[in-house]
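Each remark here refers to the structure printed beneath this line.
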Amino acid sequence: MTEQQPAEAHEQRILGTELLWAFGVGVLVAAVLGMIVFTALTRNINPPSNVERIDPKTLHLSGEFAEQNLGTSVGADGSVTVRAIATQFMFVPHCIAVPRGRPVTLRFATPDVIHGLLITGTNVNTMVVPGFVSQVYTTFTSTGDLLMPCHEYCGLGHSEMWATVQLMLDDQFKPDRDGRVSCAQR
Ligand code: CUA
């Protein structure tokens, strides 16, 4: 019995250390989860929430991502929607016209691999994943041209993949008869 006591004490020490580590890790996990919930609720930082599927093999054939429907369109209610395709190694269209100071809905899809995009100086930043539509809302407050690079490595031409976002004032942002707006030649 007296010989076992040191071994038992040793076991107790190991258990104590393990519990201490488990407690520490538990606190860390709780802190990270808490931060995620906090930013999601208060800062609107969320994983993409709208799970909207689209078949990457046929998206170019018909529907909103067919070539004639890409670009900027203004609905009867004045809502502005941008549709673009991210594909190896370009964005279609290469230039996107948007109004300043009005809410804009941006919708992206890809027929090939995962791309990502951001619009410099704005809060627009999303992945574009095959099989899903990526939808982002924003209101542009600056003027001039903004760069929209692909920010997810998508192949050898990745660094050549970018588009321009052309911000227009109200007197420039004039939809045609079909409600479409294209970039002005500058
Ligand atoms: Cu597309 Cu990188």
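Counting starts at 1 for both ligands and their atoms, following the listed order. Just so we're clear, the structure is a prediction, and the values are computed from it rather than from any experiment.
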Considering the options L117, T164, I85, V128, which one meets the side chain to side chain contact (heavy atoms under 4.5 Å, CB included) requirement together with F91?
L117
Atom 2 (Cu) of ligand 1 and H158: any N/O/S contact shorter than 2.8 Å?
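Given the 2.8 Å cut-off, H158 counts as a ligand of atom 2 (Cu) of ligand 1.
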Taking both backbone and side-chain atoms into account, decide whether H151 has an N/O/S atom under 2.8 Å from atom 2 (Cu) of ligand 1.
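For H151, the answer is no, given that no N, O or S atom comes within less than 2.8 Å of atom 2 (Cu) of ligand 1.
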Output yes if T87 passes the N/O/S-under-2.8 Å test against atom 1 (Cu) of ligand 1; output no otherwise.
no
For T110 and H115, which heavy atoms make the closest approach, and how far apart are they?
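Nearest heavy atoms, T110 then H115: OG1-CD2, 3.4 Å.
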State, yes or no, whether a side-chain contact exists between S79 and T105 at a heavy-atom distance under 4.5 Å.
no
Under a 4.5 Å side-chain heavy-atom rule over Ile, Leu, Val, Met, Phe, Trp and Tyr, are V165 and M161 clustered together?
yes
Shared hydrophobic cluster for L59 and V129 (ILVMFWY, side-chain gaps under 4.5 Å)
no
Can you give me the SG-atom 2 (Cu) of ligand 1-SG angle for C150 and C154, to 10°?
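Rounding to the nearest 10 degrees gives 120°.
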Need the atom name: nearest N/O/S atom of E152 to atom 2 (Cu) of ligand 1.
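Within E152, restricted to N, O or S, atom 2 (Cu) of ligand 1 is closest to atom O.
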What's the atom name of the N, O or S in H115 nearest to atom 1 (Cu) of ligand 1?
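Of the nitrogen, oxygen and sulfur atoms in H115, atom 1 (Cu) of ligand 1 lies nearest to ND1.
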